[in-house]
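What you are looking at is a predicted structure, and each value in this text was computed from that prediction instead of being measured. For the numbers below, each heavy atom of this structure counts, side chains included, while hydrogens, waters and symmetry mates do not.
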Amino acid sequence: MTASSAPAGELVIVGAGIQLGRHISQRALSEIEHADVVLCLVDTFALSWLKQVRPDLIELNELYGPGKDRRITYAEMEAAMLAPLREGKRVCTVFYGHPGVFADAPHAAMVRARAEGYLARMEPGVSADACLFADLGFDPGLHGVQSFEATQYLIYQRNIDPSALLILWQVALVGDLSCKVMTTTPQRRQLLVDKLLTVYPLQTEVILYEAATVPVQQPRIDRMPIEALPNASYVEHTTLVIPPAVKLVPDRAMRDQLMEMAPIVDSN
């Protein structure tokens, strides 16, 4: 279906970044200002700021509830985005950080909207990994980076390369299969440690990281031995970072093969 034949209504999903005042883009602001309907799922500080721009915004935070399955909440968020879209409205939904990173509802809404013939697009935002690389000083191009959701890593067979940077997201929820709680237990975190110790030495130093959400705040960068993880302090967005633990092993045969090849001639 072409843009000219698409039904009236458009869905635009934007990212507010981690620190709203510093990270939100002009493109995202323009979408927020010009939308017919604005919905948002952001932190308290960002919410207060956004209400100054759009006092009529609809808060998606209220869809969460104690003991409520988050999968139900995500389905309700999707429905909340699609309802005004089906009325022919221009809908803008604002999500914390990058709207396409660790966010089920935005992707689901985009897929459904496009399947129904509506125009739907996503505008990126500064994500937690962008802050992580800046705050911790890791260049993903130096050793490579592996990035997994913590519970997914725990319950599936994933091959870890200890010579690369490892990032495990949502570690506070590791081992929770109910999707009804916002933290897990030391026993479940111990299962994560036990699995990591099949790859990493016991003396490995790890980092618990939390990006700063307001300009006056400092990021959390707590270094500790890997065995201390079960009883450490966590919030919902705590991230586990394990620096490269062993050196890269050269592929000498491949290097020799490349050295023997004819030089590359620049065609410009």
Side-chain angles (χ1 to χ4, degrees), residues 18-19 41 43-45 61 64-71 73-74 96-97 101-104 127-138 140 143-214 216-247:
I18 304 300
Q19 293 184 26
L41 179 64
D43 61 60
T44 302
F45 296 103
N61 308 58
Y64 286 102
K68 182 178 180 180
D69 191 317
R70 289 190 297 278
R71 290 165 291 196
T73 298
Y74 301 153
Y96 173 81
V101 177
F102 286 93
D104 292 342
S127 54
D129 58 343
C131 296
L132 184 154
F133 294 137
D135 290 333
L136 299 184
F138 289 119
H143 294 94
V145 60
Q146 305 157 106
S147 178
F148 303 107
E149 196 276 335
T151 297
Q152 185 193 82
Y153 166 71
L154 184 62
I155 66 175
Y156 289 99
Q157 296 181 12
R158 309 302 301 262
N159 294 323
I160 296 297
D161 177 1
S163 69
L165 178 69
L166 175 64
I167 303 174
L168 292 180
W169 303 97
Q170 298 182 331
V171 70
L173 302 175
V174 68
D176 169 49
L177 303 181
S178 72
C179 293
K180 294 182 179 181
V181 299
M182 302 309 291
T183 188
T184 186
T185 62
Q187 291 79 12
R188 286 173 169 80
R189 293 194 287 269
Q190 184 63 54
L191 292 176
L192 174 63
V193 171
D194 292 342
K195 187 168 184 177
L196 289 169
L197 287 176
T198 65
V199 180
Y200 294 95
L202 183 61
Q203 65 271 22
T204 299
E205 183 181 75
V206 302
I207 303 168
L208 290 181
Y209 171 77
E210 296 162 15
T213 56
V214 293
V216 297
Q217 186 183 49
Q218 294 296 315
R220 176 189 180 186
I221 304 174
D222 283 351
R223 302 177 187 274
M224 63 188 66
I226 194 170
E227 60 186 346
L229 287 175
N231 296 306
S233 174
Y234 298 86
V235 295
E236 183 182 355
H237 58 279
T238 304
T239 302
L240 173 60
V241 182
I242 305 183
V246 299
K247 293 182 178 181

Any donor-acceptor pair under 3.5 Å from Tyr200 side chain to Val193 backbone: no
Atom CZ of Phe148: over 12 foreign heavy atoms under 6.0 Å: yes
Distance in Å, Asp129 CG paired with Trp169 CH2, rounded so as to fall on 0.5 Å steps: 5.0 Å
Pairwise side-chain contact, Asp104 with Arg71, heavy-atom cut-off 4.5 Å (strictly under): no
Heavy-atom side-chain contact between Tyr64 and Met182 under 4.5 Å: no
Close side-chain approach of Arg70 and Leu173, heavy atoms under 4.5 Å: yes
Shortest non-hydrogen contact from Thr151 toward Glu149: N-OE1, 2.9 Å
Leu168 side chain reached by Val174 side chain, heavy atoms, under 4.5 Å: no
Tyr96 side, atom OH; Asn61 side, atom CG - distance, nearest 0.5 Å: 12.5 Å
Main-chain N/O of Ala212 paired with Gln19 side-chain donor or acceptor, under 3.5 Å: yes
Backbone N/O of Asp161 and side chain of Gln146: donor-acceptor pair under 3.5 Å: yes
Thr239 and His237, any side-chain heavy atoms less than 4.5 Å apart: no
Nearest heavy atoms of Lys195 and Leu154, plus distance in Å: NZ-O, 3.2 Å
Rounded distance [0.5 Å steps], CD in Glu205 versus CZ in Arg223: 6.0 Å
Lys68 atom NZ, over 12 foreign heavy atoms within 6.0 Å: yes
Nearest heavy-atom neighbours spanning Pro244 and Ser163: CB-O, 3.4 Å
Approximate separation, where rounding is to 0.5 Å, of Leu165 CG and Leu136 CG: 8.5 Å
Side-chain heavy-atom pair Val206, Val241 within 4.5 angstrom cut-off: no
Distance-minimising heavy-atom pair for Val171 and Thr184: O-CG2, 4.2 Å
Spacing of CZ belonging to Phe138 relative to CD1 belonging to Ile167, to within rounding of 0.5 Å: 9.0 Å
Residues Tyr209, Cys131; criterion side chain to side chain contact (heavy atoms under 4.5 Å, CB included); working and verdict: CA-CA 10 Å; Tyr209 171 77; Cys131 296; 3.4 Å; yes
Heavy-atom check, side chain of Leu166 versus side chain of Tyr153, under 4.5 Å: no
Nearest non-hydrogen partners of Ile18 and Gly97, listed with the distance: CD1-CA, 3.9 Å
Non-hydrogen side-chain atoms of Leu240 and Leu208 separated by less than 4.5 Å: yes
Name of the residue among Leu197, Ile242, Val199 meeting side-chain contact (heavy atoms from CB on, under 4.5 Å) with Thr204: Ile242
Closest non-hydrogen atom pair, Pro201 against Ile226: O-CG2, 4.2 Å
Inter-residue atom distance Gln190.CD - Glu227.CD, 0.5 Å rounding: 9.5 Å
